[in-house]
Structures are given as C-alpha cells and as structure tokens.
Chemist: 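Please see the structure below; I have some questions.
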Amino acid sequence: MAARSQYEELARQLSAVGAVKRGLARILPAECPAGSAAVLALLRQHGEMRISRLAELLDVDMSVTSRHVAHVAEHGWIERSSDPTDKRSRILRLTPAGRDVLSDLNRRTTEMFAHNLSDWSDEDVGRLNSLLARLRDSFACRGSGGCVPGTHSGECRTRPSGGDTVSHTRTPV
C-alpha cells in the first residue's frame with residue numbers, strides 16, 4: 001500500500017484534471033454538449049437500447065437522460081422507435097448523422113491530445129492510458145462481496161461469501 005502522502009498528492013493531481021476536462025468541453029461544438037456526446041458514444045459502444053439502460057450506463061437520473069435524448073433526437077443524431085417486446089418503451093438507435101458527429105468529436109479530441117501531449121513519448125501516453133484504465137477499474141469495481149479489479153477489459157470479478165470468483169461486465173465511463 002502506498003504512503004498516505006502519495007494518496008494526498010494523487011487527490012491534488014486528480015483535482016487538477018479539471019483543466020483537461022474543461023479543455024475537452026471547449027472543443028465540443030456548441031450544438032453537442034458533453035451529455036449529448038456521452039449519449040452518442042454509449043449508443044455506438046453498446047448498440048441500440050432502451051432509455052432506462054442508457055440512464056444506467058450514464059449513471060444519471062432518468063429525467064436528465066431524457067433531456068439528453070430529446071436533444072440528440074431533435075438534431076437527428078438518434079432515432080427512437082417502439083420496442084417490439086413492450087410498446088410502452090422506446091428503443092434508441094444511432095443514425096448515420098449521429099455517427100458523423102461522433103467521428104468529428106473523435107477527430108477533435110484526438111487532435112487536442114496530440115497537440116497538448118506532442119512532447120510525450122508513445123510509451124508515456126501508453127503508460128498513462130494503462131494507469132487511468134486501472135484507476136477507473138479500481139473505482140468501478142466495488143461489489144459488496146469484495147472486488148478484484150479485472151484485466152482492463154471491462155470485467156469486474158467479485159468474491160461471493162463462498163470464495164469463488166464471479167465475473168461481471170462493467171461499462172467504462
């Protein structure tokens with residue numbers, strides 16, 4: 001286990017990551033705020049889904065998710081259709097226009113990181129990616145039965161009272 005002072009420094013460094021997040025927010029087009037971008041990215045990653053599943057993946061309230069969904073639907077970036085198994089529910093699906101927006105966002109983000117990290121080696125960027133994935137896994141992987149972080153593949157293994165390890169798929173944030 002690391003020394004307490006290292007955890008204190010980690011807390012300071014992570015607080016400073018706000019500057020990176022603000023930089024990312026500045027490159028988003030005005031018509032596509034962060035919540036909308038997250039909706040599009042999750043639909044690309046997971047495919048079509050109900051809004052309740054999207055709210056779960058976003059880890060936000062259903063009313064917040066509904067506002068994000070309404071915004072991207074108004075722009076034609078997703079379509080909402082009736083769920084054949086439950087006519088009261090709607091299935092959300094990315095449209096070609098939504099895929100185009102995601103391509104543009106990906107290009108903008110990649111260019112921003114390439115510009116700001118131009119003096120970093122490939123090895124340093126790779127190490128940062130690995131460590132951030134590990135940090136994310138350590139926080140996302142917290143089950144009541146005790147948790148063993150997975151292998152950075154979106155998997156979280158918990159140990160039930162019997163001692164066997166059970167795997168759960170976890171969605172990266």
Side-chain angles (χ1 to χ4, degrees), residues 14-118 120 122 125-126 128-143 149-156 167-173:
L14 288 176
S15 292
V17 168
V20 176
K21 290 182 76 171
R22 287 186 298 279
L24 287 168
R26 280 192 295 275
I27 65 166
L28 293 174
E31 69 275 6
C32 188
S36 297
V39 166
L40 297 175
L42 286 169
L43 286 171
R44 176 184 56 199
Q45 182 179 0
H46 297 280
E48 62 184 40
M49 67 183 77
R50 290 182 177 181
I51 193 169
S52 57
R53 174 68 176 140
L54 182 60
E56 179 183 307
L57 292 171
L58 288 169
D59 196 25
V60 296
D61 186 79
M62 186 67 94
S63 64
V64 174
T65 304
S66 294
R67 284 194 299 273
H68 292 318
V69 166
H71 182 264
V72 295
E74 287 168 11
H75 282 80
W77 300 333
I78 66 165
E79 61 184 17
R80 299 179 275 196
S81 58
S82 295
D83 184 342
T85 62
D86 181 357
K87 297 296 181 194
R88 297 168 299 169
S89 297
R90 310 280 279 174
I91 298 292
L92 308 176
R93 179 177 302 110
L94 201 56
T95 65
R99 290 186 198 290
D100 290 345
V101 168
L102 279 169
S103 292
D104 179 55
L105 295 176
N106 185 56
R107 179 192 55 75
R108 289 170 182 248
T109 302
T110 301
E111 287 175 1
M112 185 201 76
F113 279 117
H115 173 75
N116 287 292
L117 305 180
S118 62
W120 287 41
D122 286 351
V125 174
L128 177 62
N129 285 332
S130 295
L131 290 171
L132 287 172
R134 185 175 173 190
L135 178 65
R136 182 195 63 224
D137 286 349
S138 293
F139 274 78
C141 187
R142 54 184 185 271
T151 59
H152 311 301
S153 62
E155 191 174 271
C156 181
S167 293
H168 304 279
T169 302
R170 181 194 51 74
T171 303
V173 180

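Side chains included, hydrogens not; waters and symmetry mates left out as well; all remaining heavy atoms used.
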Chemist: Hey, are Arg107 and Asp104 close enough for a salt bridge, meaning a charged N less than 4.0 Å from a carboxylate O?
Modeler: yes
Chemist: For the atom pair CG (Leu43) and CZ (Arg93), what is the distance rounded to the nearest 0.5 Å?
Modeler: 10.0 Å
Chemist: Please determine if Glu56 and Arg53 form a salt bridge, counting it only when a charged side-chain N lies under 4.0 Å from a carboxylate O.
Modeler: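 Here Glu56 pairs with Arg53 in a salt bridge, since their nearest N and O are under 4.0 Å apart.
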Chemist: Is it true that, when you exclude Asp122 itself, more than 12 heavy atoms of the residues, nucleotides or ligands shown sit nearer than 6.0 Å to its CG?
Modeler: no
Chemist: Within the 4.5 Å heavy-atom criterion, are Pro33 and His71 side-chain neighbours or not?
Modeler: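 Of all side-chain heavy-atom pairs linking His71 with Pro33, at least one is under 4.5 Å.
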Chemist: Taking all non-hydrogen atoms of both residues into account, name the closest pair between Cys32 and Trp77 and its distance.
Modeler: CB-CH2, 3.9 Å
Chemist: Taking all atoms of both residues into account, what is the closest heavy-atom pair of Ile91 and Arg50, and its distance?
Modeler: CD1-CG, 4.0 Å
Chemist: Kindly indicate whether the side chain of Ser103, heavy atoms from C-beta on, has any atom under 4.5 Å from the side chain of Arg99.
Modeler: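 Result no, sub-4.5 Å side-chain heavy-atom pair not found.
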Chemist: With heavy-atom distances below 4.5 Å as the criterion, would you say the side chains of Ser89 and Ile51 are in contact?
Modeler: no
Chemist: Which value, rounded to the nearest 0.5 Å, describes the distance between Glu48 atom CD and Glu79 atom CD?
Modeler: 9.0 Å
Chemist: In the structure I gave you, are the side-chain heavy atoms of Val125 and Asn129 within less than 4.5 Å of one another anywhere?
Modeler: yes
Chemist: Hey, could you give me the CG/OG distance between Leu135 and Ser130, rounded to the nearest 0.5 Å?
Modeler: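 Answer rounded to 0.5 Å: 12.5 Å.
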Chemist: Please name the pair of heavy atoms, one in Ala97 and one in Gly76, separated by the smallest distance, quoted to 0.1 Å.
Modeler: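 Closest approach of Ala97 to Gly76: CB-O, 3.7 Å.
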Chemist: Should Asp83 and Arg90 count as side-chain neighbours, where that means a heavy-atom distance under 4.5 Å?
Modeler: no
Chemist: So, taking the atom named CE in Met49 and the one named CG in Leu42, what distance separates them when rounded to the nearest 0.5 Å?
Modeler: 6.0 Å
Chemist: Ignoring hydrogens, what is the shortest heavy-atom contact between Ala73 and Arg80? Give both atom names and the distance.
Modeler: CB-NH2, 3.5 Å
Chemist: OG1/Thr109 to CG/Leu24 distance, rounded to the nearest 0.5 angstrom?
Modeler: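 If we round to the nearest 0.5 Å, Thr109:OG1 and Leu24:CG are 6.0 Å apart.
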Chemist: So Leu105 and Val101, do their side chains get closer than 4.5 Å, heavy atoms only?
Modeler: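 Contact flag for Val101/Leu105 side chains = yes.
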Chemist: Side-chain contact, heavy-atom cut-off 4.5 Å: Val39 with Leu92?
Modeler: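 SC-SC contact between Val39 and Leu92 ruled out.
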Chemist: Roughly how far, to the nearest 0.5 Å, is the CG atom of Leu58 from the OG1 atom of Thr65?
Modeler: 5.0 Å
Chemist: How far apart are the closest heavy atoms of Ile78 and Thr95, and which atoms are they?
Modeler: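 Shortest heavy-atom contact: C-CG2, 3.5 Å.
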Chemist: Is it true that, when you exclude Lys87 itself, more than 12 heavy atoms of the residues, nucleotides or ligands shown sit nearer than 6.0 Å to its NZ?
Modeler: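 Counting other residues, nucleotides and ligands, NZ of Lys87 exceeds 12 neighbours.
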